[in-house]
Amino acid sequence: MSKRLVVLILAAGEGTRFRSETTKILHPLLGKSLLLRTIEAARGLAPRRILLMAGRDPDRVAASAREAGIEVFVPKARRGTAWAVAAAKSALAGEEASDLLILPADRPLVRTETLRELLTYHRRRRAVLTVMSAEVPDPRGCGRVVRGEGGAIRIVGDGEAGPAALTIREIETSIYAARTGGLLSALSRSGNRKADGGIDPAAAAGRLSQAGLRVEAFMTPASGEILRVETRSDLARAAAALRDRINRALMDAGVTIVDPATAWIDEQARIAPDALIAPFVVIEGASTIGRRTKIGPGCQIIRCAVGDDVVVAAHTVMEDAAVESGVRVGPFARLRARTVLRRGAHVGNFVEMKATDFGPGAKAGHFSYLGDSEVGADANIGAGTITCNFDGLRKNRTTIGPGAFIGSGSQLVAPVVVGRGAYVAAGSVITKDVSPDALAVARGRQCEKPDWAKRRREKIEQGKKAEFEKR
Amino acid sequence: MSKRLVVLILAAGEGTRFRSETTKILHPLLGKSLLLRTIEAARGLAPRRILLMAGRDPDRVAASAREAGIEVFVPKARRGTAWAVAAAKSALAGEEASDLLILPADRPLVRTETLRELLTYHRRRRAVLTVMSAEVPDPRGCGRVVRGEGGAIRIVGDGEAGPAALTIREIETSIYAARTGGLLSALSRSGNRKADGGIDPAAAAGRLSQAGLRVEAFMTPASGEILRVETRSDLARAAAALRDRINRALMDAGVTIVDPATAWIDEQARIAPDALIAPFVVIEGASTIGRRTKIGPGCQIIRCAVGDDVVVAAHTVMEDAAVESGVRVGPFARLRARTVLRRGAHVGNFVEMKATDFGPGAKAGHFSYLGDSEVGADANIGAGTITCNFDGLRKNRTTIGPGAFIGSGSQLVAPVVVGRGAYVAAGSVITKDVSPDALAVARGRQCEKPDWAKRRREKIEQGKKAEFEKR
Amino acid sequence: MSKRLVVLILAAGEGTRFRSETTKILHPLLGKSLLLRTIEAARGLAPRRILLMAGRDPDRVAASAREAGIEVFVPKARRGTAWAVAAAKSALAGEEASDLLILPADRPLVRTETLRELLTYHRRRRAVLTVMSAEVPDPRGCGRVVRGEGGAIRIVGDGEAGPAALTIREIETSIYAARTGGLLSALSRSGNRKADGGIDPAAAAGRLSQAGLRVEAFMTPASGEILRVETRSDLARAAAALRDRINRALMDAGVTIVDPATAWIDEQARIAPDALIAPFVVIEGASTIGRRTKIGPGCQIIRCAVGDDVVVAAHTVMEDAAVESGVRVGPFARLRARTVLRRGAHVGNFVEMKATDFGPGAKAGHFSYLGDSEVGADANIGAGTITCNFDGLRKNRTTIGPGAFIGSGSQLVAPVVVGRGAYVAAGSVITKDVSPDALAVARGRQCEKPDWAKRRREKIEQGKKAEFEKR
């Protein structure tokens, strides 16, 4: 299929109804822009070339397209599909023998499969132009496909449609397959001007039909894929549809999703069978989740690798981190970039880690901050432990040996090493390395002032009384 | 419109099915009570007077109404619409020439617009009484509007309705427009007793018709607004409808709402174009959110002003706080009343602030509590910093100068001032002011007991062994 | 009803489409497995015996069933309903006079009530076999009930169904009532082999009909209950249906659920009238919530007892804890097993408690960890307080007397007692008991190095400059 195929992506619409500083097609939908989704659907066909006709905000669109390895051209004006093809004429020089797939960049749900079916139909019917159509419950505002005598296809808008056309529920999708040469020569014969920059498929199809060329309509059964994103409400609708599609595939593959309506999982994520996703979960980017792993309610996981049999308790947020098998983490844990929790480690609530290699079987059960550190196997990090990694100038490393015990409320002023098996007394500020197996203490001695609190209370009471009497 | 208009709000129902200690119409719906919503819809018409007929829990209802500047009267008994009007007779003395809008307090979705259309229709038709009706898919349990010969209107209940009436899907809404004088004199001619305190529109309309007066039905196209809240399920349905209405308006205005089904935003909130609301977000009260600002999943924002280009990461809770442009805050941050984050500040995870002015470019990246404090520009607050603002008697203030560096795990015992550019060593308890540019240290010296940890482990092992052997 | 009734639960399906290591019927649905739900529905009928025919993973299924007090038998092969009954023949010896209810274990929404209606119908009609049927919008893939002349019942599958049968929307549910003796003798007359282990109701019913025995179909109006769980998507659908059923009952009983679509509440939970459940809440196990108590957004409550007039603020996680009336807790609080918050206590953000008895009126407003401790009435726990309950060997207890004041950033090294009314200075490490009314201090003295920070900055600047010049 690929050798003879050129794809023309139309990204020229103004997207006015989006009311955005950013052109509509660069808005993200479950982690990928509308444009990128369109490019990926096209790429699935392995075409020889993909051309992108950019419109508003051409520099950013072009940058985004070039990043994806796509040719871009920016026409001086924009006036609909037929016009776009005409504008692409010079870019298409020499491609007359190829097939042309015209694909608007604002239908992000269309799958490669569906496009392939259109192309297959188009070739089998030996048409010059084939419009993809679909049957919808409410066709208002859409171009209607009118099938005339002998299969002649006409596309009429709401305005032009007579009462009969208004009952037609087959609409055009602005997706076309065409024979490049035939289409170009037909278009060159007459102008096709439309002021509003919108797509004008009626003219394109009509002119060809009048020219005696074969125009077909392929009605896709995948009517759920043709949603056109014109408003932010449409964007939300597309997101919900995509979420449902992704979640259905995951469930079919053996993942338990307790509430698929509140599980927002990017399609790049890979989740193993028997994993369980609780309600209100967000999983972004190319994350992986292992077998039997449970992701608790309210978790947010961004580009992380999570192993098998892991329990991620409620409201855990992790980004660019790795969690090996058998770990228990959360609730309210926060793992930041370059953190690795080794096999069987345990991280509890209100614990933050950054760039930390947390050894197998190590424990940090309660509020703590470990940054730029390495923690040995089976070490125990007490509540309130802080690695003071920033001295105002640079980030320094903390190393905690295997089996070490860091008493609660300790500050480890990096760079510092706590040796294997060493013990740091609670509430210590450690500024020098601690030898293996040693005890380090760095805190004040306890002393007592008897009845101080009592006297203070009495004084306070007197003070209050005095204040009261003054009034 | 206003000069001739009096609105009578009926709040006399028992609301038994709500099973609540609080009368139904005082229950909140997205931050405002049913009653307040009704009053606001009425007020949109700028009527000369609004009268409220209170029923159950009259004191609290009256208090709530008076707060909104509404006249209240509490009848001795309650027996339906017609009766209510009769009961209002003395209050309406002298208003015979005015129009009367009768509005039940348990239809919280009705918009001013829809009421205005009813009034316009009512006046144009020169009717004495116009009932607002709507077509619904399932009319069971509702009064049906029967349109007789010559446009005569009858309202029949489920009980009275013959088989033909049962196919009627046009129902009455208990919302009426009337000519005050005409209605009052018609009602005074005969009694209209109904035991259950429910609305009896049939009798009201029927009697007038029989009296030869013009009764009309205005079928509103806004059938989504007529939901009557009788149960908590209805309340939830109304909340969902209101949420969808609010979110649609926000999306139309250029806000990206990733999942409009899980975004709970009060209508007082003002959100700028290109702001992004992630799933599972609650925004309450008159909050404002600036352009390009991102609100992450699970955030709760109550009466806050958030500027442009702010990133509010997941699970951040803020209430009565202000966040200037360019700030990064969260995840798991908690901002309380009278907190201001100045331009470009950064607040990280597990940080709580209360009544704190946090300077431009200042940073507090990790678990900390700042209360009753002022933090200068570009100051750096280490992990675990605590302002000890409460001495058991009163709250005291902490002042941290611009460019100061508070080492991790420090306690600042207020009232205290850390001077501009000063440095507090990690783990210090600061009880006296720190001079500008000085270093303050207040902690124990580190000492080491070699092999202490090793001997302790051996002792523990022996102890365990002994314990084991004892068994 | 019970005396004559035997229930046969069929749990023999492979559940291949679940793609799970665990057999389908052991998967949980809102806290209870499909199997347990089926057993409970059966048990509601108070039958004389319940037999379970186990299939895949018989040991775990049998363990689960025996725990529920159910007899289990594991046939050597599994080939559908009729076969299953045949296989159960020896177990049913002597039960010929009883009624037999055949119940597949993968229809978890069926209520006892619905089964009782089936049995009542079955007995009234004096049938030998009564199949429960239901009318559904989309019958594809289901066995259709064909009602012939004189009421003869046939069940035909998709394959066998002619075009006429395809319009039938009455489907069989694989739930049957039978006269045990009649069914067994009919089945023994001929074999009923089906290769795929699936249910073959057609054969069972057909054979009996042919044998001249009375076969009936009882069409239940409760078509929402017959959902068969074959895939994880079905599991999610069943969960949503169950959630809606539970939430509707709670709302009918007077609980406000702001968003019933995102409130996941187990049916064991007991919630009092006028409690309010915010969006995104999970309540598991036999939790109780008192009157007027508010559960904020994002909370997770597992097997907890929460009293009246409690405010549980956003994102609070509690498990096996008790919260007495009038408490304020959260946001971001974490209560673990054996924690009790006494009347009027206040627990703020980022506070974790484990096995702690937290006295009436006591306060712990900011990040702290209290484990294995007892806190007296009206005690005040400063921010950053840590009970160092683990010494590397065992957990030790901390006792804080009534009215004590623990300064912020203190570590209490257990076992330790802080006496009634005592005061611990901020930042102290308390290793010895503190006398009542005394002040305990255990921290370093503050000293100052003038201009140290300034010189350091200058050195840093020089260093940076030097580094820069080296390049």
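So you know, we letter chains A, B, ... as the sequences are listed, proteins then strands, and number each from 1. No hydrogens, no waters, no symmetry mates; every other heavy atom, side chains included, goes into these values.
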> Would you call C:R232 and A:D274 a salt bridge, using N to O less than 4.0 angstrom?
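Answer for the salt bridge query: yes.
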> Is chain C contacted by the side chain of A:H366, its backbone, both, or neither, given a heavy-atom distance below 4.5 Å?
both
> Can you tell me which portion of C:R456 sits under 4.5 Å from chain A's heavy atoms? Options are side chain, backbone, both or neither.
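Just the side chain, heavy atoms under 4.5 Å.
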> Out of A:R291, A:R455, A:R457, A:R248, return the one with the most heavy atom pairs under 4.5 angstrom to chain C.
A:R457
> Heavy-atom cut-off 4.5 Å, strictly under: side chain, backbone, both or neither for C:S233 against chain A?
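When you check distances to chain A, atoms from both the backbone and side chain of C:S233 fall under 4.5 Å.
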> Heavy-atom pairs under 4.5 Å with chain A - which of C:I430, C:L29, C:L235, C:T387 has more of them than the others?
C:I430
> Where does C:V281 contact chain A at under 4.5 Å (heavy atoms): side chain, backbone, both or neither?
backbone
> Measure the CZ-CZ distance between A:F332 and C:R334 for me, rounded to the nearest 0.5 Å.
8.0 Å
> If we only count heavy atoms from C-beta on, is the C:E352 to A:F367 side-chain gap below 4.5 Å?
no
> Counting only heavy atoms closer than 4.5 Å, note whether A:R443 contacts chain C via side chain, backbone, both or neither.
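A:R443 touches chain C through side-chain heavy atoms alone.
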> Report the option among A:A425, A:A253, A:G382, A:G384 that has the most heavy-atom pairs separated by less than 4.5 Å from atoms of chain C.
A:A253
> Tell me, for C:F280 versus chain A, whether the close heavy atoms (under 4.5 Å) come from the side chain, the backbone, both or neither.
both
> List the atom of A:A426, the atom of C:C388, and the distance in Å for their closest heavy-atom pair.
CB-SG, 3.9 Å
> So for C:I386, is it side chain, backbone, both, or neither that comes closer than 4.5 Å to the heavy atoms of chain A?
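For C:I386, the contact with chain A is made by the side chain alone.
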> Of the listed residues (A:R445, A:Q446, A:R292, A:H315), which shares the most heavy-atom pairs with chain C below a 4.5 Å separation?
A:Q446
> A:E448 and C:S435: side chain to side chain donor-acceptor pair (under 3.5 Å), yes or no, with the steps?
CA-CA 8 Å; A:E448 191 165 305; C:S435 313; 2.5 Å; yes
> Sort C:N389 into side chain, backbone, both or neither according to what part of it lies under 4.5 angstrom from a heavy atom of chain A.
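No part of C:N389 comes within 4.5 Å of chain A.
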> Determine whether more than 12 heavy atoms belonging to other residues, nucleotides or ligands lie under 6.0 Å from atom NZ of C:K459.
no
> To check you understand the geometry: which heavy-atom pair defines the closest contact between A:V258 and C:W264, and what is its length?
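Smallest heavy-atom distance, with atoms named: O-CH2, 4.0 Å.
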> Quick check for you: to the nearest 0.5 Å, what is the distance between A:D259 atom CG and C:T262 atom OG1?
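Here the interatomic distance stands at 8.5 Å.
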> So which part of A:R394 gets closer than 4.5 Å to some heavy atom of chain C, the side chain, the backbone, both or neither?
side chain
> Could you check which of C:A240, C:S368, C:S428, C:P436 has the highest count of heavy-atom pairs closer than 4.5 Å to chain A?
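The candidate making the most pairs under 4.5 Å is C:S368.
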> What part of A:V429 is in contact with chain C, defined as an atom under 4.5 angstrom from a non-hydrogen atom: side chain, backbone, both or neither?
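Neither part, no heavy atoms under 4.5 Å.
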> Can you measure from NZ (A:K454) to CZ (C:R420) and round to the nearest 0.5 angstrom?
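Answer rounded to 0.5 Å: 12.5 Å.
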> Among residues 401-414 of chain A, which ones touch chain C with a heavy-atom distance under 4.5 Å?
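The stretch touches chain C at A:F405, A:S408, A:G409.
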> Check whether C:A239 gets within reach of chain A through its side chain, its backbone, both or neither, counting any heavy atom under 4.5 Å.
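Side chain of C:A239 only, per the 4.5 Å heavy-atom cut-off to chain A.
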> Nearest 0.5 Å, what's the CG-CG distance between C:D391 and A:N380?
10.5 Å
> Go through A:P279, A:P273, A:A261 and name the one with the most non-hydrogen pairs under 4.5 angstrom from chain C.
A:P279
> Answer with side chain, backbone, both or neither: which region of A:P450 has an atom nearer than 4.5 Å to a non-hydrogen atom of chain C?
backbone
> By a 4.5 Å heavy-atom criterion (distance strictly below it), what part of A:T256 contacts chain C: side chain, backbone, both, or neither?
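Both parts, backbone and side chain.
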> Between C:Y369 and A:N349, is there a side-chain heavy-atom distance shorter than 4.5 Å?
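No, too far: nothing below the 4.5 Å cut-off.
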